[in-house]
Every structure is written in structure tokens, then in C-alpha cells.
Chemist: 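Below you'll find the structure I mean.
Every value quoted in this text rests on a predicted model; they were computed, and no experiment measured them.
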Amino acid sequence: MKNLIEDVTCAGCYCACDDIRLETDGQQIQEVQTTCSQGQAWFERAATTDQLVPQIQGQPVSLTTAIGRAVELIQQAQAPLVTGFSQTSTDTQRAAVALADQTGASIDTGASAVTRALQQVGEATCSLGEVRSRADLIIYWGAADLLSNARHRQSLVTTSPEITRKTVAMGEAGSLVSESADECIQIEPERELEVIWQLRALLKGVDLSGKEPVGIAEAELQSLASQLKQSKYIVFFTGPDFKQGLLAHRKLEALSLLVKEIQSERRCHAITVPNSSETKGAEHVLAWQTGYAATVNFASGFPRYSPGEYQATRLLEQSQVDLCILTGGNPLAGLSDKAIKNLKQVASILAGPVLLPDFQPDVFLPTGITGIHFPGSMYRYDGTPLPLRGFLPTVQNSEADVLKQISQSL
């Protein structure tokens, strides 16, 4: 007998669409409607999770044996790292923070550049509902994936006749999505910081005449400044392209300052967007558990924050980790190629609903999927918490339960 389930939240990417419709026969998903390709792949994963078995060095073992080996690796480790939270629930993230605290590990969410900037200057943000209902100027800066996402654009469609909205895409020439934007502005990636400072100067009334703009055409700089002055509610979506480079946190700091200065006269907010296959939320959990949103170390028995020292990618690239504990349906999200290469050389534990074909952990602990097999919650990329529903049975435990079993066995 087919069951129609409506208003399901999809955790396949950062959009976390909560209006998905699907049909089940009580055991498996038969059809998924109103979702994108990433969401389709996430729901399809539910058909294979029950076939996964615990493994040690690629060999099937019992769950008890696998957890025992995971405990041994943790007890032997001197510098463990907990990371890989993409496509995980809030409960899983809480359990991971507790395990890191118990083992004296470093823990990082993969959003260290963003959190490093926002720890310094703060953040002025809003929900997608506000963007849909009020924004008359939306700027996508290095967020081509988001702008090209039809589900995202559909979620911002407003029926209010009072709003005349303009959409601007900013970034490198090859990444601009002209068919989805009213205007495209080309910016040299290495000059984005200077562009922000030039905008701040123009909005403060500083005369830049006679000075050649850096990183942007003069006409486009003047036009953008004029639009910022004339609009009543402005929203910046900053994507992964904007957060590239060694000075990524400085660019985010500068943009946050620009947003605050605009707010003195009109409404303005900024929303940071991860890579298309990633989700957000772990930084929120880590923040209300430790006081810091990323790059935390528990080796001293209390949380220490050091973005230049405890970033997951940096620790792995410099081979400062002897054990890595990973969770989630996309556990390698946010790691560089060099970090992933070095990760394969150290002991690792993976608790999640997927076994990656190009990464074999020392211990694999299979789980079901929160949002399909288990209820829970997650954060959308605008910071809004959303409920996850459990509507299918499974023989697997949840990721949170597996991490708790490890913690209780230590």
C-alpha cells in the first residue's frame, strides 16, 4: 500500500527544502517529487543503508567488534580530530562535540574562514522568509551554484505587488549566471577586498574621481554603489567562490562591516552559503556547546579556539593528526585534496550511512539516515532550524547513537 508523505525536509544540501512530497510502501521510498538531483540522490541512499555492515580494514565484523576497535584507536591516539558534519543532524553534532570533549580532540566544522571573520566583527543575517517578503536588491557574490538552483529561486518568489526586485550576480567572469540575474558584474577574484573598501568609501561620500577602480570597471562600481543607496532592503548571498584564498576571512570581515554601515540608513543582511553538496549547522551546535563556532581543541580539558592552529584542513595537510573521526553522508566535505591524501595515511573512523568508494576507513560503522529513518533536526543555511522526520524502518542505528556507544565504551 502506498503512503503519500508531504512536507518532508531534505538534508541533501544546504537548502534543506522542507516541502518535499514522496511515496513509500512502508519499507522503501517509491517516488520522490518536488526535489532537485542532489535531493533525489540523498533519498535514494535510503535503499542501500540496510545492506551496509560494520568493517575493520574493509573486512565485515560485528558492530560490537567494530566499536571495540574504534575505542582502541581512540585510546591509542595522541592527537585525534573530529570533523565531517555535512548531512548530519543536530543530535549527531552534539554527540560529536561530547566525544571530542571526552577524548581531548580537536573539532572543526569546515566553516573556519566564515566563523573566524564573524568572531571578529559579528554577523547581520536574516531568514529566507524575510528575503522573500522584503528584499528589493539581492546580490549573489561568488554564489553561482545558489543562483542557478531552481528550488532556491522558487523559494524567493514573492506575490507582493509592492516589491520590485533586482538580482545582481557578482564574481569571476566564468562563474556568472546571466540567465538567472538581472545584472552581472565581473570582479577580479584577487581584488574583491579592494572592491568592498571602494564601495564603503563611495557610500560614505568619499570622492574617488580621478582614481582608477581596482578589480572592477568604474561604471559597474558606480552603478552598484547607486543601487545600494537606492534600495530599501538589501541581501548579500556570499558563496564558496567568495570564501577562497588566504584572505577569505578578511573579505568576510570587510563585507560584514559594509553591511553594518548600510544598516545605519536601510535594512541590509548577509547570508553565507557553503559548497553545493554541503550543509550548515554544525557551527551553531559547536557555538552553543563551547562558545566557539569552529576550530576548537579540548586537549587541555576545556575548549580552546585557535583558527590558525586547529583548522581541520590545516591539521591534516601538516600531518598533525594521528586519528580522524568522521561522520555524515558527505564526510570529506570542505577538505582540500592534500588533506584528503594525508587523511588516507592516518587511522580513521567513519560513522555514517555511506561507504565512500575512494576512501577506506580503518573502522566503518554504518548508520541509518536521520530525516528518513530517524527524527531529528538540522539547520538551513540561513540559520533556521528545521525538523527532520523518520518514516522508514531500518536495521541500523543513528549516527548519534553510534557515537554515544563509542563514548560509553571509553
Chemist: Can we say K404 and D91 salt-bridge, meaning some charged N sits less than 4.0 Å from an Asp/Glu carboxylate O?
Modeler: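 Salt bridge flag = no for D91 with K404.
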Chemist: State whether the number of non-hydrogen atoms from other residues, nucleotides or ligands found under 6.0 Å of K341 atom NZ is greater than 12.
Modeler: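 At most 12 heavy atoms, drawn from other residues, nucleotides or ligands, come within 6.0 Å of this atom.
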Chemist: Evaluate the side chain to side chain donor-acceptor pair (under 3.5 Å) criterion for residues T272 and K280: first the C-alpha distance (whole Å), next the side-chain angles of each, then the deciding distance (0.1 Å), finally the verdict.
Modeler: CA-CA 10 Å; T272 59; K280 287 182 65 175; 2.9 Å; yes
Chemist: Apply side chain to side chain donor-acceptor pair (under 3.5 Å) to the pair Y310 and R304, showing each step before the final yes or no.
Modeler: CA-CA 9 Å; Y310 302 129; R304 293 188 300 166; 2.9 Å; yes
Chemist: Can any side-chain N or O of D136 pair as donor or acceptor with the backbone N or O of T164 at less than 3.5 Å?
Modeler: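 Checked: no pair found.
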Chemist: Where is the tightest heavy-atom contact between D241 and K251, given as atom of each residue plus distance?
Modeler: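 What the structure gives for the nearest pair is O-NZ, 4.4 Å.
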Chemist: Enumerate the residue pairs fulfilling ring-ring contact (aromatic ring centres under 6.0 Å, His included) with a member in residues 380-410, sequence neighbours excluded, ordered by first and then second residue.
Modeler: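 Applying ring-ring contact (aromatic ring centres under 6.0 Å, His included) to every pair that reaches into residues 380-410, excluding sequence neighbours, yields Y14-Y381.
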Chemist: Shortest non-hydrogen contact from G215 to R191?
Modeler: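 In terms of heavy atoms, the two residues are closest at CA-CB, 3.5 Å.
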Chemist: Counting only heavy atoms not in D7 (residues, nucleotides, ligands), do more than 12 fall under 6.0 Å from its CG?
Modeler: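 Yes - once you tally the heavy atoms of other residues, nucleotides and ligands closer than 6.0 Å, there are more than 12.
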Chemist: Taking all non-hydrogen atoms of both residues into account, name the closest pair between S409 and V71 and its distance.
Modeler: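 In terms of heavy atoms, the two residues are closest at CB-CG2, 3.6 Å.
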Chemist: Charged N to carboxylate O below 4.0 Å: is that the case for E130 and R267?
Modeler: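 Yes.
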Chemist: Show the nearest heavy-atom pair for residues L403 and A351, with the distance to one decimal.
Modeler: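 Distance-wise, the nearest heavy atoms are CD2-CB, 4.4 Å.
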Chemist: Restricting to side chain to side chain donor-acceptor pair (under 3.5 Å), what partner residues turn up for Q93, sequence neighbours left out?
Modeler: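 So Q93 forms a side chain to side chain donor-acceptor pair (under 3.5 Å) with T88.
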Chemist: Using the side-chain contact (heavy atoms from CB on, under 4.5 Å) rule, pick out the option among I107, V82, D108 that qualifies with V296.
Modeler: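 Of I107, V82, D108, side-chain contact (heavy atoms from CB on, under 4.5 Å) with V296 is met by I107 alone.
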Chemist: So, are E317 and K338 salt-bridged, with charged N and O less than 4.0 Å apart?
Modeler: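 A salt bridge is absent here (no side-chain N lies under 4.0 Å from a carboxylate O).
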Chemist: Could you walk me through whether H269 and F237 pass ring-ring contact (aromatic ring centres under 6.0 Å, His included), step by step?
Modeler: CA-CA 9 Å; H269 295 107; F237 286 103; over 10 Å; no
Chemist: With a sphere of 6.0 Å drawn around CZ of R389, does it hold more than 12 non-hydrogen atoms of other residues, nucleotides or ligands?
Modeler: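 Check passes, neighbour count above 12.
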Chemist: Kindly determine whether S226 and S223 satisfy side chain to side chain donor-acceptor pair (under 3.5 Å), including the steps that lead there.
Modeler: CA-CA 5 Å; S226 177; S223 172; over 6 Å; no
Chemist: Is the closest basic N to carboxylate O distance between E309 and R314 below 4.0 Å?
Modeler: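 R314 and E309: not salt-bridged.
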Chemist: Counting only N and O atoms by type, is there a donor-acceptor contact under 3.5 Å from the side chain of D182 to the main-chain atoms of V168?
Modeler: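 Checked: no pair found.
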Chemist: Which pair of heavy atoms, one from T109 and one from F85, lies closest together, and at what distance?
Modeler: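 Nearest pair, atom of T109 first, then F85: CA-CD1, 4.0 Å.
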Chemist: Both conditions, 6.0 Å and 45 degrees, for the charged tip of K344 above the ring of F359: are they met here?
Modeler: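 Verdict for F359: no cation-pi partner in K344.
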Chemist: Given the rule in the side chain to side chain donor-acceptor pair (under 3.5 Å) test, do S398 and T370 qualify, once you have shown the distances and angles that lead to the verdict?
Modeler: CA-CA 7 Å; S398 69; T370 302; 5.5 Å; no
